[in-house]
Amino acid sequence: MIGIIFDMDGVIYRGKEPIEGAKEVIEFLKANGIPFVFLTNNSTRNARMYKEKLQKMGIEVKEEQIVTSGYAAARYLAKNFEKGNVFVIGGEGLVEEIKSIGWPVISVEDAKERWREIKYVVVGLDPKLTYEKLKYGCLAIRNGALFIGTNPDTTYPSEEGILPGAGSIIAALKAATEKEPLIIGKPNKPVFEVVKEKLNADEIWVVGDRLDTDIEFAKRINAKAIMVLTGVNTLKDIEKSKVKPDIVMPSIKELIKYLEVYLEQQNHRNKEH
């Protein structure tokens with residue numbers, strides 16, 4: 001049985017606008033009993049917030065089917081490290097994920113007095129980034145705190161165009177601290193450890209819009225890499241890239257035809273055996 005991992009930004013929607021065919025694809029998977037999860041490198045929201053966002057677009061999924069890089073970062077911390085004070089540079093979703101594992105979060109106000117007590121600095125996309133947040137993140141990391149990045153995306157797609165992503169904020173701290181962060185999200189393996197628990201499949205397909213995260217991630221986990229052209233990367237980018245998708249589609253809409261052919265072949269094979 002196949003299982004599908006979908007990226008969200010640029011695949012299912014752009015900003016608040018759903019991409020044509022996204023809802024139909026999800027309905028098709030449900031009707032045919034094909035397991036799937038959403039995996040986003042965007043950590044500003046948590047699964048509950050994403051579920052509500054998808055609901056507004058008419059796409060109904062369970063919270064358990066949504067994995068964010070923030071959720072993965074929190075789970076990875078809880079599994080591999082000792083509990084300690086966390087300083088978060090990121091959105092509300094990331095703060096909630098860290099709190100959900102029961103670890104104390106030090107706010108910017110508290111960091112003024114307590115930055116020396118910070119054991120972990122977790123950095124994601126922060127729409128309310130300030131110089132002060134970078135300052136205390138820098139001080140804590142230089143003081144020995146572990147530097148963790150939710151995801152490496154330097155940009156992300158919005159209705160207005162391409163905007164700075166978490167990777168841009170991480171790059172600023174890397175420059176200021178001369179330290180390499182541990183990156184949890186796609187294309188890195190830590191996030192796959194978390195997804196594997198939720199996706200029971202013999203063969204995995206990854207549907208994404210970015211070569212450096214989604215398609216690279218598919219290659220690292222030996223999955224089929226399906227790229228759509230509704231997000232960040234273009235056909236020109238693919239030509240120049242060392243990382244090549246297995247299949248390129250104009251948008252997610254075309255996935256239904258591809259799935260229909262795949263299921264027909266499977267049925268045919270099953271009849272032969």
Side-chain angles (χ1 to χ4, degrees), residues 1-42 45 47 50-63 65-69 151 153 155-159 161-162 165 185-187 191 195 198-199 201 203-219 221 223-238 241 243-266:
M1 174 56 99
I2 56 165
I4 304 183
I5 299 173
F6 288 100
D7 178 46
M8 291 166 80
D9 277 317
V11 175
I12 305 293
Y13 51 72
R14 282 185 80 109
K16 294 189 181 80
E17 291 301 312
I19 286 165
E20 195 191 337
K23 181 185 173 178
E24 289 73 11
V25 168
I26 300 307
E27 295 303 325
F28 182 90
L29 295 177
K30 287 188 201 164
N32 287 282
I34 297 170
F36 63 92
V37 293
F38 292 113
L39 173 59
T40 177
N41 266 356
N42 190 333
R45 292 179 164 96
Y50 274 116
K51 184 187 170 187
E52 286 164 10
K53 177 171 179 160
L54 289 166
Q55 261 172 343
K56 284 181 187 150
M57 299 175 184
I59 298 169
E60 289 290 339
V61 292
K62 298 188 180 90
E63 251 177 68
Q65 289 173 293
I66 301 169
V67 177
T68 70
S69 62
N151 61 295
D153 309 57
T155 59
Y156 74 99
S158 77
E159 301 102 317
I162 303 293
K186 296 176 287 189
V191 77
V195 171
K198 292 177 178 277
L199 195 64
E203 185 190 339
I204 291 177
W205 296 2
V206 172
V207 182
D209 67 312
R210 291 184 74 111
L211 291 159
D212 59 348
T213 53
D214 305 318
I215 304 307
E216 173 68 33
F217 176 66
K219 299 293 175 190
I221 64 168
K224 180 177 292 220
I226 300 174
M227 184 158 146
V228 293
L229 300 172
T230 45
V232 170
N233 286 132
T234 62
L235 282 171
K236 273 209 174 98
D237 296 331
I238 299 172
S241 171
V243 184
K244 304 283 186 198
D246 299 309
I247 299 162
V248 181
M249 296 179 179
S251 77
I252 192 171
K253 196 166 80 174
E254 286 74 31
L255 189 61
I256 290 187
K257 285 194 187 104
Y258 190 81
L259 281 162
E260 283 170 344
V261 172
Y262 172 83
L263 291 174
E264 260 172 49
Q265 286 171 345
Q266 291 302 103

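Worth saying up front: this structure is predicted, and the values here are computed from it rather than measured.
Side-chain atoms of Leu263 and Ile34, non-hydrogen and from C-beta on, do get closer than 4.5 Å to each other. At a threshold of 4.5 Å between non-hydrogen side-chain atoms, the residues Asp237 and Leu211 count as touching. The shortest distance between side-chain heavy atoms of Ile26 and Phe38 falls below 4.5 Å.
A salt bridge is absent between Asp7 and Arg210; no separation between the charged side-chain nitrogens and carboxylate oxygens falls under 4.0 Å.
Across all non-hydrogen atoms, the minimal contact from Asp212 to Asn233 is N-OD1, 4.4 Å. Heavy-atom minimum distance, Leu29 versus Leu259: CD2-CD1, 3.7 Å. Among all heavy-atom pairs drawn from Val11 and Ile252, the shortest one is O-CG2, 3.7 Å. Here the closest non-hydrogen pair linking Ile238 and Lys244 is O-NZ, 2.6 Å. Between Thr155 and Ile162, the closest heavy-atom pair is CB-CG2, 3.4 Å. For the pair Ser69 and Asn151, the tightest heavy-atom approach, listed with the atom from each and the gap, is OG-OD1, 3.8 Å.
Atom NZ of Lys53 is surrounded by more than 12 heavy atoms from other residues, nucleotides or ligands within 6.0 Å.
Going from atom CG of Asn32 over to atom CD of Glu260 covers 8.5 Å, rounded to the nearest 0.5 Å. Atom OH of residue Tyr50 and atom OH of residue Tyr13 lie 4.5 Å apart, to the nearest 0.5 angstrom.
In this structure, the ring pair (Phe, Tyr, Trp, His ring centres under 6.0 Å) partners of Tyr258, at least two apart in sequence or on a different chain, are Trp205. Not counting sequence neighbours, the partners of Lys253 by the salt bridge (charged side-chain N to carboxylate O under 4.0 Å, His left out) test are Glu20.
A donor-acceptor pair under 3.5 Å links the side-chain atoms of Asp246 to the main chain of Ala225, judged by distance alone.
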